[in-house]
Amino acid sequence: MDILQVQGSGKLEGEVTSSGAKNAMTKLLVASLLSDKRCTFYNVPNIGDVQITVSLCEEIGSKVSWDKEAGVLEIRTKELKTSYIPQRFSGANRIPILMAGALLGRTNDDIIIPTVGGDAIGKRSVDFHIEALTKLGAQVEYREMKKEGAYLVHAHNGLTGTHIELPFPSVGATENAILAGVRARGNTVIKNAATEPEIVDLILFLQKLGAIIFLDVDRTIHIEGTTTSHEVEHTVLTDRIEAASFGMAAIATKGRVFVKKAQHPHMITFLNKIREIGGGFSVKSDGIEFFYQGPLKGGAHIETDVHPGFMTDWQQPYAVLLTQACGTSVIHETVYENRFGYTRALNEMGADIELFCECLGGKNCRYKERHFEHSIIVKGRTPLKGGEINIPDLRAGFAYVMAALIAEGESTINGMHFLDRGYGDLVPKLQALGANIKRIQTKPDTKPRKLISPHKKNHELAKTPS
Ligand code: EPU
C-alpha cells in the first residue's frame, strides 16, 4: 500500500491537462455492452476505476485494447461469455449495479450482480435502481451468497418501456434506467432524472450507438426502445472534479495553474464560488487558468446539490480553501448524509471546522432533523501544520493532499489507493507543477485489492487492507 510524502508551503505553478471523467468513462464502458459492435473511446483516464470496469467487462466476454499512454481504448463484446459477475467485484466500486441495466438490455438469461461499494460517504443504497428496473419488467431479488450478498436479476421475456419517476435525481439510478430503457420494447420516460454532464455524455454515446433518446425540460428523459447498434467513436468529456481540484490547489498554494481542457460550461457554479471568496480565474479557449490574487475572503455559503448545483465532489477541497479565507463560511451537504468525516483530520492539522446535524441553509434537504452531521462551519484563516493523515475516501484524499501542500512541515498521507481510483498520474502531475511530493511504495501489492465496503464507517476505512 503506497503512501505519499508531502513537504508543504510551495506554490503550484505551470500547466496541467485535465483527464477524461471517471464518472463518465466507467459508465460508457458499461453502455458499450448493449452492442456487439466496436466502440472506440478517446481521452480515457488511466485510473483505477476504469481498470476495474475493464476487468468487469472482460469477465463477461468483452475484448479490450487500451493504449494508456494515448488514452485510447477499444472495446467489443461480440457475445456474452456469461452474465454472472463474480463475487470478487463485490464492493469494488459503484459500477457493478449498472451492469444490471446493460445486461438486461443484452440477454434474457439470469444475471448475477454482486453488492456494490464505492466511497463510504453515506448509506448509498440502490433502491431507486431496483425500483426502476422492476418497473421496466425485470425481476430483482437480493440473496445472501457465501460471503456477501448478490442481486439475482432477469427479464426472461424482455423489458417493456414504462414511466419511471425517481424519488431523487440519482446519477446511478438514472444511468441504470437509461441503459435498460434503450433495449426495452416501446417508450420509456424517466422523470426527476439526473442531468449531470456525465449523463449527457452517456446519452450522446448511446445516440451514436443507435438509441433514440433525448433529454427534455424538467429533468425528463425520453427513450424509444430499439435493437439497432452501430460502431461508435467517442471522446470522453473532461473530468470537472479533477479540473476543479487542480484549480483549488493552485489558489490555496498562492500559485497560478492553467488547467488545460477544463470545460467552462460544466464549471459555472464552481467558478462563481471561486470568485465569491476572491480566488482568481481566467477562461481561455482551451482551458481555465486559476490563480491567487490576494487574501481570500470568508463569508461563503455553499449548499451542495445535483447538477447544475455545487457538486458534492467539490466541497472537500473547497473546505480546505475556506480554511485559508479570512472569515466564517458554511457548507451544507444535501446529497450525502455522511461526507464530512474528513474534516476531523483537517482540525488536527490546525483547521477550525465545526460539524452540525442541522441544515445550515435553506435548500430542501433529505437529512433535515435526521441527526446526520451534514453541515459545517469553517473559520479562517488558520495556518495548517503537517502530520500523518489516513485517507477515508477519494475526494477527501485530494483535500488532504491540498492541505499538506499548504501546511508547514512534512505530511505523510496513507491510502494512496483511494486517489488512484480517480486521479490519474496525480503525483507526476503535481511534481510538474512544482509540488514537493513523493510516492513511496511500502509493500508491493500482490493480490487484487478489494476496495471498501459501503457499510464500513469512515474511521474504519483508513484501516481497510489493500
Ligand atoms: N440514493 C438512494 N438510493 C438509490 C440511489 C441513490 O438513496 O438507489 C441516494 C444516495 O445514497 C445519495 C444520493 O441518492 O445520497 C445520490 O446518489 P447518486 O445515485 O446520485 O450517486 P452515485 O451514482 O452513487 C455518482 C458519482 C459520485 C457522485 C454522485 C453525485 C459515480 C461512479 N459516482 O454516484 O462520485 O458524488 O454521483 O453526483 O458516478 C466520486 O467521484 O468521488 C463520487 C463519489
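Along the sequence shown, the residues carry numbers beginning at 1. Numbering of ligands and ligand atoms starts at 1, following listing order. Everything numeric in this text was worked out from a predicted model, so none of it was measured.
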**Message:** Are any of the N/O atoms on Phe128, whether in the backbone or the side chain, positioned under 3.5 angstrom from an N/O atom of ligand 1?
**Reply:** yes

**Asked** Numbering the atoms of ligand 1 from 1, which are under 4.0 Å from a heavy atom of Gly172?
**Response** 19 (O), 23 (O)

**Asked** If hydrogens are left out, which of Tyr336, Phe418, Tyr367, Phe398 has an atom nearest to atom 17 (O) of ligand 1, that is, the closest non-hydrogen atom?
**Response** Tyr336

**Asked** Taking it one step at a time, do Phe246 and Phe290 satisfy ring-ring contact (aromatic ring centres under 6.0 Å, His included)?
**Response** CA-CA 8 Å; Phe246 279 110; Phe290 292 88; over 10 Å; no

**Request:** Report the residue from Arg240, Lys22, His307 that forms a side chain to side chain donor-acceptor pair (under 3.5 Å) with Glu198.
**Result:** Arg240

**Item:** Those residues that, when tested against Arg183, pass salt bridge (Lys or Arg N to Asp or Glu O under 4.0 Å) (two or more places apart)
**Value:** none

**Asked** Just heavy atoms, cut-off under 4.0 Å: does Glu175 contact ligand 1 by side chain, backbone, both, or neither?
**Response** neither

**Prompt:** Which is closest to atom 6 (C) of ligand 1 by heavy-atom distance: Ser170, Ala24, Gly397, Ala21?
**Reply:** Ser170

**Prompt:** So Tyr318 and Phe310, would you call those rings parallel, tilted or perpendicular, with 30° and 60° as cut-offs?
**Reply:** perpendicular

**Asked** Hey, does Ile241 come in under 3.5 Å of ligand 1, counting only N/O atoms on both sides?
**Response** no

**Request:** Please could you name the atoms of ligand 1 that Val335 approaches to less than 4.0 Å, counting only its heavy atoms?
**Result:** 12 (C), 13 (C), 15 (O), 16 (C)

**Item:** Mode of Glu198 contact toward ligand 1 - side chain, backbone, both, neither (heavy atoms, under 4.0 Å)
**Value:** neither

**Asked** Below 4.0 Å from any atom of ligand 1, is there a heavy atom belonging to Arg339?
**Response** yes

**Item:** Sub-3.5 Å N/O-N/O distance, Arg94 and ligand 1
**Value:** yes

**Test item: side-chain donor near acceptor, Asp218 and Thr220, under 3.5 Å** = no

**Prompt:** In terms of atom number and element, which parts of ligand 1 are under 4.0 angstrom from non-hydrogen atoms of Lys22?
**Reply:** 40 (C), 41 (O)

**Prompt:** Once the angle between the rings of Tyr367 and Phe372 is folded into 0 to 90°, is it parallel (under 30°), tilted (30 to 60°) or perpendicular (over 60°)?
**Reply:** perpendicular

**Message:** Could you check whether any heavy atom of Asp127 sits closer than 4.0 Å to an atom of ligand 1, since that is the contact criterion I want to use?
**Reply:** yes

**Prompt:** Quick one: does Lys27 get an N or O within less than 3.5 Å of an N or O on ligand 1?
**Reply:** yes

**Asked** Should Phe168 be counted as touching ligand 1, given the test is an N or O pair under 3.5 Å?
**Response** no

**Item:** Exam field: side chain Thr343 to backbone Leu346, donor-acceptor pair closer than 3.5 Å
**Value:** no

**Prompt:** Quick one: which ligand 1 atoms are inside 4.0 Å of a heavy atom on Leu394?
**Reply:** 42 (O)

**Asked** Judged by modelled atom types alone, do Thr304 and Thr312 share a side-chain donor-acceptor pair under 3.5 Å?
**Response** no

**Prompt:** Would you say Thr26 and ligand 1 have an N/O pair spaced under 3.5 Å apart?
**Reply:** no

**Message:** When you measure from the heavy atoms of Gly422 to every atom of ligand 1, does any distance fall below 4.0 Å?
**Reply:** no

**Request:** State whether the shortest distance between N or O atoms of Val171 and N or O atoms of ligand 1 falls below 3.5 angstrom.
**Result:** yes

**Message:** My understanding is that only residues two or more places apart in sequence, or in another chain, count here; which of them pass salt bridge (Lys or Arg N to Asp or Glu O under 4.0 Å) with Arg439?
**Reply:** Asp2, Asp420

**Prompt:** Any side-chain donor-acceptor pair under 3.5 Å between His234 and Lys208?
**Reply:** yes

**Arg339 vs Glu333, salt bridge (charged side-chain N to carboxylate O under 4.0 Å, His left out): CA-CA, chis, key distance, verdict** = CA-CA 7 Å; Arg339 217 173 181 183; Glu333 168 64 60; 5.3 Å; no

